[in-house]
Amino acid sequence: MRVKYFKVDRARVHSSQNGGIQPRQSQVSNLVQGSNKRGNMLDRSLGGILLEYTTLTPQQLDEALAFQKDKDIRLGEALIQLRYLHQEDILKALSYQLGIDYISVLNFDDIPNDLIHSVSINFAKKNELIAIGREEGNVVVAIADPENHMALDDLKLLFQAPIKPLICSASMITDAINSCYNRTPENDAVMSELDEDNTDMLDQDFEEVEDLLDSDDEAPIIRLVNQLLVRAVKQKASDIHIEPFEKDLLVRFRIDGVLYEIMRPPKKAQNSILSRIKIMADLNIAEKRLPQDGRIRIKLAGKDIDIRVSMLPASYGESCVMRLLDRSKVLQSLDTIGFFEKDLALVRNLIHRSHGIILVTGPTGSGKSTTLYGCLTEINEPDIKIITVEDPVEYQLAGINQVQVNAKITMTFAAALRSILRQDPDVVMIGEIRDRETAEIAIQASLTGHLVISTLHTNDTATTPTRIIDMGIEPFMVGASLIGCMAQRLIRRVCPVCAIPRELSQTQLDEVDLKPEDVKGKKILKAVGCSECLETGYAGRSAIHEIMPITDEIRELIISNADAIAIKKMAMRQGMRTLREAAVLRMLDGVTTFEEAMMLTQEDVKRSELGG
């Protein structure tokens with residue numbers, strides 16, 4: 001392949017601000033001497049080159065040098081942040097200074113797959129580089145920092161060939177990495193068909209398929225959507241995001257809680273792709289102004305996959321999010337969810353109470369429903385009647401009456417709960433407490449001899465009582481009915497194949513409230529990335545919990561309408577393990593990394609701050 005790149009004319013460097021200027025020969029000597037103190041026309045420093053060939057003034061350069069020193073950044077970055085020059089000016093000047101060609105545009109389609117798959121995506125992103133072709137026995141590499149000699153030396157060893165670097169913008173390289181590393185032969189074939197076909201008519205006369213792997217439909221749109229679903233299941237994605245922008249259509253998967261770009265189908269195929277999904281979800285394909293929710297049930301290699309579809313009108317079309325649920329997956333018991341032994345004992349004590357409210361909190365996708373199902377499975381006995389109100393019913397549980405919420409016929413959580421209480425249940429599970437009416441009925445149920453288990457969207461356990469009070473429930477009612485709160489997160493497991501040992505600095509130890517002796521002999525790991533973990537460094541997730549039983553002291557604080565910090569400090573004094581502490585324990589056990597523990601949790605109270 002012949003690499004197409006733009007060579008800088010070393011006779012002069014053009015400024016992007018004035019469309020191209022000649023070197024200011026009459027001023028150069030004074031500028032270089034006055035600002036850089038270099039004193040001659042042969043000054044090849046970046047500042048000297050920019051002074052000679054761009055609109056940069058000595059005063060601006062001096063300001064940028066001071067700004068660079070203050071912010072501890074590079075001169076080029078300082079000039080860009082101060083808006084004295086554009087990035088293109090800096091890159092062209094670097095090209096002139098180092099004698100390395102500058103490439104202004106990357107053609108992603110021309111980059112060979114064998115070069116892409118030879119370099120790990122983590123290495124490419126970390127060093128902001130991408131191998132783009134071969135030329136006269138050299139491997140041509142686009143790189144944002146041509147002075148990153150360590151990365152270039154590593155590539156030389158990897159390819160066993162000389163490396164020819166080209167200077168390229170970091171944003172262009174990032175786009176190339178996101179586009180090229182998500183290629184698959186199947187996607188390339190379908191994308192090619194989409195480019196060739198008239199996609200305006202592809203959203204008509206679609207037929208449903210029974211098993212996606214058995215489908216031999218040749219319609220490109222159907223094949224593309226089917227491939228997305230197959231790939232999402234294979235890569236264990238929890239969500240598929242299809243997002244329209246002004247000139248692009250972006251497809252991303254959420255894998256282990258993190259979004260990854262998968263592909264960018266042609267913009268002209270946007271309506272056809274969304275129409276196909278709407279037909280599969282039994283939605284109105286003509287309605288593009290209002291949000292719609294639907295469900296797709298498919299078979300994939302014999303597995304039953306349930307997909308919840310959400311359509312939301314946005315500026316450049318409808319945004320589509322599909323949440324995947326493997327219905328053939330075996331429900332987890334409390335023993336396998338990931339509780340520490342002490343926490344598991346607390347949970348079992350709470351769910352075997354005769355009455356009261358237990359609330360599980362956390363953001364969307366934190367595994368709350370799995371924990372609720374685990375609790376119900378634990379207490380599901382012939383002598384106990386359990387009724388659930390859910391939106392939607394995700395798993396069918398034998399021996400449990402499950403009610404589906406349907407807002408279209410005013411079958412809300414509150415409406416369902418009123419009827420449920422007349423069904424003489426012992427245990428009631430509410431999918432989510434969303435409003436004051438639902439909260440009031442749940443509290444009344446708990447005060448009349450029912451055990452109520454539900455979820456709430458709060459960040460931790462201590463803010464849960466205050467959130468219910470904010471809904472308009474009296475503090476004494478909350479204190480009388482609440483028996484326990486549990487906050488939950490899903491923390492990514494470090495990949496066992498590529499993880500390597502590491503040590504924590506004193507600053508990092510201070511961040512997690514640890515001493516050097518606390519980590520002695522512990523297996524602390526660093527995520528690297530390999531083909532087994534899709535170059536992410538992580539494989540799978542594990543739950544961490546913060547469990548707060550409502551003791552008499554905490555109940556008094558709730559009734560007195562104390563703030564969340566006071567409640568949390570009291571719970572910690574009584575032995576509660578916070579989410580941050582649970583994440584740190586997982587790190588010390590070699591389950592996750594320091595970076596993941598810090599990213600997923602936040603600490604507002606340290607044990608050293610508790611005092612008496």
Side-chain angles (χ1 to χ4, degrees), residues 304 306 325 327-337 339 343-361 367-407 409-456 464 468 473 477-486 488 547 549-550:
D304 290 319
D306 194 13
L325 178 69
R327 299 177 66 86
S328 62
K329 215 172 182 181
V330 178
L331 276 174
Q332 295 190 47
S333 66
L334 290 181
D335 294 302
T336 60
I337 284 176
F339 286 105
D343 293 340
L344 182 57
L346 286 174
V347 172
R348 281 183 166 144
N349 177 271
L350 290 173
I351 63 177
H352 284 94
R353 302 273 186 94
S354 60
H355 62 275
I357 296 180
I358 303 169
L359 293 176
V360 182
T361 74
K368 300 188 298 294
S369 296
T370 300
T371 300
L372 288 183
Y373 283 130
C375 291
L376 295 182
T377 303
E378 178 93 7
I379 60 177
N380 186 15
E381 299 290 345
D383 59 340
I384 294 178
K385 179 163 184 174
I386 303 174
I387 303 181
T388 73
V389 189
E390 305 172 59
D391 184 22
V393 175
E394 295 185 350
Y395 291 99
Q396 298 292 337
L397 301 176
I400 295 178
N401 298 278
Q402 296 173 267
V403 178
Q404 169 76 51
V405 169
N406 189 344
I409 57 173
T410 66
M411 181 66 162
T412 62
F413 280 109
L417 276 174
R418 290 193 189 93
S419 298
I420 280 175
L421 295 181
R422 292 192 286 271
Q423 292 282 312
D424 188 30
D426 297 295
V427 178
V428 177
M429 191 270 269
I430 308 171
E432 182 183 347
I433 294 180
R434 298 176 178 174
D435 50 43
R436 175 178 177 175
E437 187 179 11
T438 306
E440 285 178 339
I441 299 173
I443 287 175
Q444 290 170 6
S446 70
L447 294 175
T448 54
H450 303 87
L451 179 67
V452 180
I453 305 175
S454 186
T455 69
L456 195 69
T464 302
I468 301 178
I473 307 300
M477 294 287 286
V478 178
S481 58
L482 196 61
I483 61 173
C485 304
M486 175 166 51
Q488 178 168 316
I547 302 173
I550 306 301

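Just so you know, these numbers use all the heavy atoms, side chains as well, and skip hydrogens, waters and symmetry mates.
- Under the 4.5 Å side-chain criterion, counting only non-hydrogen atoms from C-beta, Asp426 is not in contact with Leu451.
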| message | Let's go through Thr412 and Asp435 carefully: what are the C-alpha distance in whole Å and the side-chain angles of both, what is the deciding distance for side-chain contact (heavy atoms from CB on, under 4.5 Å) to 0.1 Å, and is it a yes or a no? | response | CA-CA 11 Å; Thr412 62; Asp435 50 43; over 6 Å; no
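- Atom CG of Leu359 is separated from atom CD1 of Ile483 by 9.5 Å, given to the nearest 0.5 angstrom.
- Using a 4.5 Å cut-off on side-chain heavy atoms (C-beta onward), Met411 and Val403 make contact.
- When all heavy atoms of Ser446 and Ile443 are compared, the pair lying nearest together is OG-O, 2.7 Å.
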| task | Check the pair Leu421, Thr448 against side-chain contact (heavy atoms from CB on, under 4.5 Å), reporting the backbone distance first and the verdict last. | result | CA-CA 10 Å; Leu421 295 181; Thr448 54; 5.8 Å; no
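- The side-chain heavy atoms of Asp391 and Gln404, taken from C-beta on, include a pair separated by under 4.5 Å.
- Contact record, Thr370 with Ile337: O-CD1, 4.0 Å, taken as the closest heavy-atom pair.
- For Ala442, the side-chain contact (heavy atoms from CB on, under 4.5 Å) partners at least two apart in sequence or on another chain are Ile357, Ile430, Ile433, Val452.
- When the side-chain hydrogen bond (donor to acceptor under 3.5 Å, both in side chains) test is applied to Asn349, the partners found at least two apart in sequence or on another chain are Arg353.
- With rounding to the nearest 0.5 angstrom, the CD1 atom of Ile468 is 7.0 Å from the OG atom of Ser481.
- Going from atom CD1 of Ile379 over to atom CD1 of Ile386 covers 4.5 Å, rounded to the nearest 0.5 Å.
- Contacts classified as ring-ring contact (aromatic ring centres under 6.0 Å, His included) and involving residues 368-391 (residues at least two apart or in different chains) are given here: Tyr373-Tyr395.
- With values rounded to the nearest 0.5 angstrom, Ile473 atom CD1 is found 6.0 Å from Arg436 atom CZ.
- Residues Leu397 and Asn380 fail the side-chain proximity criterion, which asks for heavy atoms closer than 4.5 Å.
- For Arg348, the side-chain hydrogen bond (donor to acceptor under 3.5 Å, both in side chains) test picks out Asp335, Glu378, with sequence neighbours left out.
- Every residue two or more places apart in sequence or in another chain was checked for a side-chain hydrogen bond (donor to acceptor under 3.5 Å, both in side chains) with Thr455, and none qualifies.
- Between Gln402 and Met429 there is no side-chain heavy-atom pair separated by less than 4.5 Å.
- Pairing each heavy atom of Ser454 with each of Leu372, the nearest pair is O-CD2, 4.2 Å.
- In terms of modelled atom types and a separation under 3.5 Å, the side chain of Gln488 and the main chain of Gly367 share a donor-acceptor contact.
- Taking the side chain as every heavy atom from C-beta outward, Asn401 and Gln423 never approach each other to under 4.5 Å.
- Considering CD1 of Ile358 and OG1 of Thr371, their distance stands at 12.0 Å, rounded to 0.5 Å.
- Annotation: side-chain contact (heavy atoms from CB on, under 4.5 Å) contacts of Ala480 (sequence neighbours excluded): Leu447.
- The heavy-atom pair separating Ile547 from Phe339 by the smallest distance is CD1-CE2, 4.0 Å.
- Heavy-atom minimum distance, Lys368 versus Thr361: CD-C, 3.6 Å.
- Across every non-hydrogen atom of Cys375 and Leu334, the tightest pair is N-CD2, 3.9 Å.
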